[in-house]
> 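Starting off with a structure, shown below.
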Amino acid sequence: MPNDYTKAIEEKGIRPSMQRTVIYEYICTHQIHPTVDNVYTALSPSYPSLSRTTVYNTLKLFAEKKLVQVLKIEDDELRYDPVTKPHIHFKCIKCNRIFDAFDDDKIPLFNKDCAGMLPFGFRIQSIQTNLWGICSDCSK
């Protein structure tokens with residue numbers, strides 16, 4: 001019987017495999033906005049046949065099908081977020097954790113304001129807002 005992760009993968013038109021399902025489950029249950037290496041390091045002890053290339057290709061496919069969003073909040077690494085609805089990311093510069101900020105009323109207005117700043121004829125395909133600072137735990 002398919003689980004919720006398998007169903008979500010299938011709903012995006014992706015053929016679910018055991019590896020794809022465990023990768024997606026990890027992304028969903030470890031809300032740390034993991035990198036390819038984070039996912040590989042966490043799963044490879046339990047799934048020795050899993051390769052970094054498989055993790056990379058799977059996450060790339062998930063992003064293309066809008067199952068996850070790619071987060072570029074650092075210069076050298078991509079991170080993956082299973083939450084695809086509009087939200088803001090905040091990265092703590094002390095502990096390096098990434099937090100999600102949601103506001104269903106304000107974010108659409110912010111995105112509309114961004115679109116309004118563009119010259120005539122420009123069309124936005126996506127907006128990703130990242131903030132950097134110190135989280136409440138590190139501020140103590």
Side-chain angles (χ1 to χ4, degrees):
M1 173 174 243
N3 62 31
D4 290 341
Y5 304 110
T6 302
K7 288 178 191 171
I9 292 168
E10 286 176 332
E11 287 172 2
K12 292 294 183 175
I14 302 169
R15 185 183 56 80
S17 65
M18 182 272 304
Q19 291 177 326
R20 288 175 176 167
T21 302
V22 298
I23 290 168
Y24 186 59
E25 180 178 3
Y26 181 84
I27 295 286
C28 291
T29 58
H30 295 83
Q31 297 276 323
I32 59 171
H33 304 83
T35 64
V36 167
D37 282 340
N38 295 146
V39 175
Y40 173 75
T41 301
L43 295 178
S44 62
S46 299
Y47 302 93
S49 65
L50 186 67
S51 70
R52 264 189 184 82
T53 302
T54 299
V55 174
Y56 172 81
N57 289 335
T58 298
L59 291 173
K60 183 178 175 188
L61 174 64
F62 287 174
E64 287 169 1
K65 297 289 189 170
K66 309 270 190 258
L67 185 60
V68 300
Q69 69 169 300
V70 179
L71 175 60
K72 186 157 175 47
I73 198 165
E74 299 153 325
D75 290 335
D76 57 344
E77 289 190 298
L78 298 178
R79 293 179 169 268
Y80 297 88
D81 188 349
V83 180
T84 57
K85 78 180 231 174
H87 63 285
I88 293 172
H89 293 101
F90 177 92
K91 180 172 183 185
C92 179
I93 59 174
K94 283 195 168 188
C95 67
N96 290 319
R97 289 185 297 166
I98 299 171
F99 302 87
D100 291 330
F102 298 94
D103 189 317
D104 291 338
D105 294 325
K106 293 179 184 172
I107 291 176
L109 295 173
F110 173 77
N111 290 347
K112 185 177 178 183
D113 286 345
C114 289
M117 290 185 262
L118 294 173
F120 177 77
F122 282 59
R123 294 186 323 176
I124 294 175
Q125 297 297 315
S126 67
I127 295 176
Q128 188 175 94
T129 304
N130 300 320
L131 307 171
W132 293 265
I134 300 172
C135 71
S136 60
D137 290 341
C138 292
S139 292
K140 293 177 186 172

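Computed over heavy atoms, backbone and side chain alike; hydrogens, waters and symmetry mates excluded.
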> Under the salt bridge (Lys or Arg N to Asp or Glu O under 4.0 Å) rule, collect the residues that match up with Lys140, sequence neighbours excluded.
Asp137
> In this structure, would Leu61 and Met18 fall into the same cluster of hydrophobic residues linked by side-chain contacts under 4.5 Å?
yes
> Asp76: which residues meet the side chain to side chain donor-acceptor pair (under 3.5 Å) condition with it, sequence neighbours left out?
none
> Which residues pass the salt bridge (Lys or Arg N to Asp or Glu O under 4.0 Å) test with Glu64, not counting sequence neighbours?
none
> Not counting sequence neighbours, which residues clear salt bridge (Lys or Arg N to Asp or Glu O under 4.0 Å) with Arg79? List them please.
Glu74
> Other residues, nucleotides and ligands only: do more than 12 of their heavy atoms fall within 6.0 Å of CZ on Phe99?
yes
> In terms of hydrophobic clustering (I, L, V, M, F, W, Y; side-chain heavy atoms under 4.5 Å; direct or indirect links), are Leu59 and Tyr47 co-clustered?
yes
> Phe90: what forms a ring pair (Phe, Tyr, Trp, His ring centres under 6.0 Å) with it, not counting sequence neighbours?
none
> Which heavy atom in Lys12 sits nearest to a heavy atom in Leu67, and how many Å separate them?
CG-CD1, 3.8 Å
> Are side-chain heavy atoms of Lys91 and Leu131 found at a separation under 4.5 Å?
no
> Sequence neighbours left out, what passes salt bridge (Lys or Arg N to Asp or Glu O under 4.0 Å) with Asp105? Give chain and number order.
none
> Shortest non-hydrogen contact from Ala101 to Ile107?
O-CD1, 3.7 Å
> Would you mind listing the cluster partners of Ile134? Hydrophobic ones only (ILVMFWY), side-chain contacts under 4.5 Å, chaining allowed.
Leu71, Ile73, Ile93, Ile98, Trp132
> Side chains of Lys72 and Asn130, heavy atoms from C-beta outward: is any pair under 4.5 Å?
no
> Please report the interatomic distance CD1(Ile23) to OG1(Thr58), rounded to the nearest 0.5 Å.
4.0 Å
> Going by ring pair (Phe, Tyr, Trp, His ring centres under 6.0 Å), name the residues that satisfy it together with Phe62, two or more places apart in sequence or in a different chain.
Tyr24
> Kindly indicate whether the side chain of Thr35, heavy atoms from C-beta on, has any atom under 4.5 Å from the side chain of Val39.
no
> Is there a side-chain contact between Tyr5 and Arg20 (heavy atoms, below 4.5 Å)?
no
> Who passes side chain to side chain donor-acceptor pair (under 3.5 Å) against Ser51, sequence neighbours left out?
Thr54
> Measuring only between side-chain heavy atoms, which start at C-beta, is Ser139 closer than 4.5 Å to Lys94?
no
> Where is the tightest heavy-atom contact between Val83 and Gln31, given as atom of each residue plus distance?
CG2-OE1, 4.1 Å
> Taking all non-hydrogen atoms of both residues, which atom of Cys92 and which atom of Cys138 are closest, and how far apart?
SG-SG, 3.7 Å
> Any salt bridge (charged side-chain N to carboxylate O under 4.0 Å, His left out) involving residues 21-39? Give me the pairs, sequence neighbours left out, ordered by first then second residue.
Asp37-Arg52
> Could you tell me if the side chain of Val55 sits less than 4.5 Å from the side chain of Tyr80, heavy atoms only?
no
> Within the structure provided, determine whether Ile9 and Lys65 are in side-chain contact (heavy-atom separation under 4.5 Å).
no
> Under the ring pair (Phe, Tyr, Trp, His ring centres under 6.0 Å) rule, collect the residues that match up with Phe102, sequence neighbours excluded.
His87
> Check whether any side-chain heavy atom of Lys85 lies under 4.5 Å from a side-chain heavy atom of Asp104, and answer yes or no.
yes
> Scan side-chain atoms only and decide if His33 and Asp100 contain a donor-acceptor pair under the 3.5 Å cut-off.
yes
> From Lys106 NZ over to Ile88 CD1, what is the distance, rounded to the nearest 0.5 angstrom?
10.0 Å
> Side chains of residues 111-125: which donor-acceptor pairs under 3.5 Å do they make with residues two or more places apart or in other chains?
none

> Taking all non-hydrogen atoms of both residues, which atom of Pro82 and which atom of Val68 are closest, and how far apart?
CA-CG1, 4.1 Å
